[in-house]
Every structure is written in structure tokens, then in C-alpha cells.
Amino acid sequence: MDITTARVVRGDDTAAVDEALADATASYLLDRVHEAKVAHVALSGGSLAERALPRIIEVSNDQGLDWAKVHIWFADERFVPRGTPERNAGQVVTALRVATGFQAENLHIPAGSDSGMTLDEAAADYAARLTRVIGISSRNRFPSLDLVLLGMGPDGHTASLFPGLPGTEVDDEIVIPVRDSPKPPDERISLTFPMLAESMRCWIYATGEGKRDALKLARSGTASRSDSPVGHVTAIDEVALFADAAALGE
Ligand SMILES: O=C(O)[C@H](O)[C@@H](O)[C@H](O)[C@H](O)COP(=O)(O)O
């Protein structure tokens with residue numbers, strides 16, 4: 001399943017989309033924790049981490065989610081020093097402070113550029129951590145996340161899979177180092193297409209008119225992986241699109 005056949009959850013505006021995403025995420029995490037006693041979630045930065053995640057946490061708290069059973073991963077992170085404002089992790093750490101019972105050791109942040117690791121080493125380290133903590137599926141050597149929440153850029157990037165960069169062609173790695181990102185900072189760490197494809201659910205979050213053209217191209221199914229990365233996200237169970245009227249071009 002990909003974005004061309006995705007379930008579309010439409011909101012009139014950003015607030016409506018945030019509400020729908022929070023309800024759906026809380027309900028899915030409650031189910032996963034009930035069934036599997038653990039849930040592994042990855043998310044990207046931007047408005048998803050800044051605006052949607054705090055609401056997800058509020059609604060999940062209200063519904064009694066035991067955050068001690070939830071692991072949080074990053075779909076991508078910027079390779080800059082820890083603690084600097086450019087890190088996506090800052091917003092996530094702040095939001096998680098009010099997640100009832102959340103355990104700090106279940107927050108899995110990729111290494112920063114101050115870690116002493118090179119970019120390549122940091123990417124390999126994150127892949128090893130995913131494999132160690134989640135395990136690998138019997139079908140192949142990829143770990144399987146329960147849920148990946150992905151933002152998208154006006155250029156059609158998602159995670160740090162940017163149009164035209166070699167990372168969009170990678171089929172055999174869990175995590176890649178990204179160089180020459182068109183959006184600063186230029187060095188990043190990102191999950192890959194095959195890693196997303198091994199996730200149970202990938203939900204794409206798109207709000208605002210700025211996403212309209214990239215979303216239209218992605219949903220047309222006519223663009224290549226390199227031209228429209230977000231158009232090529234797949235998942236085992238479900239790809240869903242949470243979008244407002246402006247992003248859908250209505
Ligand atoms: O690392 C980054 O530069 C951001 O995380 C970026 O990839 C973001 O997720 C998308 O551009 C969507 O951002 P918005 O939802 O804020 O538009």
C-alpha cells in the first residue's frame with residue numbers, strides 16, 4: 001500500500017487534522033500495548049513534533065495509555081550537536097515530559113555530531129540500535145516499527161529522503177547518512193524506504209497550502225521515487241494520509 005491507495009483522513013483545518021491524528025494514534029497505541037505489551041513508534045520533526053505530538057500525548061494520557069510501554073524513535077534527525085535548537089529531538093523531549101510513565105531509556109535519539117562518531121558511524125549505530133531493541137523480522141533482516149508518523153516538505157521529501165539525493169535509491173540499508181540536504185543542515189540521518197516498508201503502519205501528516213503541489217504529484221502515482229519520495233512510502237498494513245483541505249487542494 002502507498003499514498004495512491006492510502007486511507008485519507010481529511011480535516012477542514014490543521015486543528016481538525018491534529019485532533020484526528022491524536023485520536024487515531026492513541027487508539028492504535030492502546031491496542032498495540034494491550035496486544036504486544038510494547039509499541040515502537042518513529043516520527044519526523046517539523047510541525048508533527050512541534051504541534052501534533054503534544055496533542056497526541058494529551059489524548060493518549062486521557063485514554064490511559066501506559067507510556068512506559070512505548071518506545072520513541074526518529075524517522076530522521078539532523079547531524080548537529082546534541083542540545084542545539086536545530087535538533088528535532090528537542091521538541092520531542094519537551095513534549096514527552098508530560099507523557100504519563102514514559103521512560104527516558106525508551107527514547108532513542110540518533111547520535112549528534114558532538115558524539116565523536118562520524119556521520120557514517122552514527123547512521124550505522126542507529127541501525128544497530130533499532131535491530132538490537134526491536135529485533136528483526138523472520139522474513140528479512142529489517143526491524144519492524146509499529147507506527148511511523150511522517151511529515152512531508154513542499155518539495156516532496158519525507159523523513160530525510162530528499163528528491164534527487166542518492167538516499168532515495170537505497171534498498172538494502174536500515175538507516176542512511178544523508179549529505180548535501182537541500183534543506184539545512186546538510187548532514188542528517190534517516191530511515192530508508194525499505195525500513196519504512198517493514199513498518200506496520202506509516203501515516204503521513206500534511207497540512208497547509210504549501211504541501212498542495214507535492215501532495216498532488218505524490219498521489220498521482222506518476223512520479224519516480226527520486227522525484228516524489230513521499231509518494232513512495234509503503235507499509236505492511238496501512239499507509240494513511242492525515243491532511244487538511246488546503247493540502248488536499250480543496
Ligand atoms: O528535519 C527537518 O528539516 C524537518 O523535520 C523536516 O523534514 C520536516 O519534517 C518537514 O519539512 C515537514 O515540516 P512541516 O510539517 O513543519 O512543514
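Keep in mind the model is a prediction, meaning the values are calculated, not measured. Order of listing sets the numbers, starting from 1, for every ligand and every atom in it. We count residues from 1, following the sequence as given.
Residue Ser47 holds the heavy atom nearest to atom 15 (O) of ligand 1 of all those in Ser47, Gly46, Pro154.
There is no path of hydrophobic side-chain contacts, each under 4.5 Å, that joins Ile136 to Val175.
Under the 30°/60° scheme for interplanar angles, the aromatic rings of Trp73 and His108 are found to lie parallel.
Those atoms of ligand 1 that come under 4.0 Å of a heavy atom in Lys211, given as number and element, are 14 (P), 15 (O), 17 (O). Ligand 1 places these atoms under 4.0 Å from at least one heavy atom of Ala159: 7 (O). The contact set between ligand 1 and Met152, taken as ligand atoms under 4.0 Å from a residue heavy atom, comprises 10 (C), 12 (C). Using a 4.0 Å cut-off to heavy atoms of Arg78, the atoms of ligand 1 that qualify are 1 (O), 2 (C), 3 (O), 4 (C).
At least one donor-acceptor pair closer than 3.5 Å links the side chain of Asp114 to the backbone N or O of Arg82.
For the 3.5 Å distance criterion, the side chains of Ser181 and Arg188 qualify, holding a donor opposite an acceptor.
The single protein non-hydrogen atom nearest to atom 1 (O) of ligand 1 is Arg188 NH1, 2.8 Å, given as residue, atom name and distance.
Close to ligand 1: His157, with a non-hydrogen atom less than 4.0 angstrom away. Remark: distances from the non-hydrogen atoms of Ser160 to ligand 1 are all 4.0 Å or more. By the 4.0 Å heavy-atom criterion, Glu77 is excluded from the residues contacting ligand 1.
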Quick one: do Thr25 and Leu29 satisfy side chain to side chain contact (heavy atoms under 4.5 Å, CB included)? Show the steps, please.
CA-CA 6 Å; Thr25 305; Leu29 292 183; 3.9 Å; yes
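Using a 4.5 Å heavy-atom threshold, the side chains of Leu149 and Tyr205 count as separate.
Residue Pro184 has no N or O atom closer than 3.5 Å to an N or O atom of ligand 1.
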